[in-house]
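Quick notes on the structure that follows.
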Amino acid sequence: MNQTQMTFIQGAVVEEEVRLTLLELCQACSAEAGHVETWVFEGVLSPSGDSPQNWSFSGDSLRRARLALRLSRDLEINPPGVALALDLLDQIAALQARLQRTGNE
Amino acid sequence: MKFKDYYQTLGVERNATQDDIKHAYRKLARKYHPDVSKDPDAEARFKELGEAYAVLKDPEKRVAYDQMGSEWKAGQDFQPPPGWDAGFEFSRYDAAPGDAAEFSDFFETLFGRQGQHAQAHRTMHAQGQDHHARVMIDLHDAYRGAQRSISLRMPALDAQGRVTTHERTLDVSIPKGVRAGQHLRLAGQGGPGRGEGPAGDLYLEIAFNPHPDFRAEGRDVYLDLPLAPWEAALGATISTPTPEGPVQLTIPPGSVAGRQLRLKGRGIPGSPPGDLYVVLKIALPPADSESAREAYRTLAKAFDFNPRTHLKG
């Protein structure tokens, strides 16, 4: 049977298949390199590589960097505060997952 | 157009100081920030706050807004009096909270559209802007992979350099095994490049439509399975739905509520695949007929059962 074939765009799952350079991460979340460097210094992001030129960020860094950017911009939180907020949000997410597992939503 | 009472939005008096306004905004912004709040209205509330703050934190805009007088009530039909803004010149380059913040018609009538600068400040990059959007898919799409047409509202610049939104439809392959919260990168589908520059990328954040039976947690999936008391006590083989179709599930005798049965590898596919957890619930048959009540009385006589022995009182 002949059918008109639609072309579907294939995407890459960022969290599994993608690593980002500093430039790519900045481009992907519209952040300035200076902000990203500060978040790395504060431990919000943990790239591999010994210098900013060689940094390689895991795909999950995209979500974290966007979250950090929104928190610092919308709530005027400084970088150590952003780092603390992200740690606490991670803890809340882990606790909520535990609650959900036991069916106590 | 409805009047918006920005003082009411921030919960401050009309004579509040700039510091009062800042404090009120910060407190409410922390409470309703969509990344932090679980309130279902958080996003809408946060947008309102951002708009109110954009006006009241700026002394010029605040004075102009106050010119309208204090007689207006929130929600009242409103048209600005002619010439109300004579003598004011507003900067259109305020940083607006939120991605490409869209303020209300009320705001835009008074102060003009915001956000033009969001595109302008990236001129140093020849590559187009990367765009982000959120797409809702079904849990079943993650199990099987799917091809979906999704429509997106994208900001774009028109010939005059103004920000407009236009709708476009993309046909996208949803890869098997994708999980909620993950991002799909579609190369070259973001904003157009400048000059010879390549187009930006489009990032799609995946979220699942709520399913009445299954809930996903990372790669694992959970199902609540109600059992009759005798099925839990005596054991049973129960036809149980899974996202891949029903399976015959053996309930061991002596099962209690809350017990989880793990169906290994039947969560979201991947390497490793997730697991499906069946959480047992015990449902009591209603005592709504004489024969049912008699059955409960027989049960009571048959057992010397006190479920409260562990309570210390």
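Lettering of chains follows the sequences in order, A, B, ..., and the numbering in each one begins at 1.
Between B/Asp130 and B/Arg185 no salt bridge is recorded (no basic side-chain N to carboxylate O distance below 4.0 Å). A salt bridge links A/Glu16 and B/Arg179; the closest N-O separation between the charged side-chain nitrogens and carboxylate oxygens is under 4.0 Å. A salt bridge links A/Arg63 and A/Asp60; the closest N-O separation between the charged side-chain nitrogens and carboxylate oxygens is under 4.0 Å. Taking the charged nitrogens against the carboxylate oxygens, B/Arg148 and B/Asp141 do have a contact shorter than 4.0 Å, which makes a salt bridge.
Looking at A/Val18, only its side chain comes within 4.5 Å of chain B, counting heavy atoms on both sides. Looking at B/Val178, the atoms closer than 4.5 Å to chain A (heavy atoms on both sides) all sit in the side chain, from C-beta outward. At a 4.5 Å heavy-atom cutoff, B/Lys27 makes no contact with chain A through either its backbone or its side chain. Neither the backbone nor the side chain of A/Glu17 comes within less than 4.5 Å of any heavy atom in chain B. The parts of B/Asp35 that come within reach of chain A are both its backbone and its side chain, each placing non-hydrogen atoms under 4.5 angstrom from that chain. For B/Ala216, the part lying near chain A is the backbone, with the side chain staying farther off; criterion is any non-hydrogen pair under 4.5 Å. Using a 4.5 Å cut-off between heavy atoms, B/His183 touches chain A through backbone and side chain atoms alike. The contact between B/Tyr203 and chain A is made entirely by side chain atoms (from C-beta outward), counting heavy-atom distances below 4.5 Å.
Taking the six-membered ring where tryptophan is involved, the planes of A/Phe57 and A/Trp55 are perpendicular, since the angle between them exceeds 60° and thus also 30°.
Chosen from B/Leu184, B/Ile174, B/Leu186, B/Leu170, the residue pairing most often with chain A at heavy-atom distances under 4.5 Å is B/Leu184. Of the listed residues (A/Ile9, A/Ile92, A/Leu67, A/Val14), the one with the most heavy-atom contacts under 4.5 Å to chain B is A/Ile9.
In this structure, the ring of B/Tyr222 has its center less than 6.0 angstrom from the ring center of B/Tyr277.
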Before you tell me yes or no, could you show the steps for B/His33 and A/Asp74 under side chain to side chain donor-acceptor pair (under 3.5 Å), namely the whole-Å CA-CA distance, both residues' side-chain angles and the distance that decides it to 0.1 Å?
CA-CA 8 Å; B/His33 196 280; A/Asp74 299 345; 2.9 Å; yes
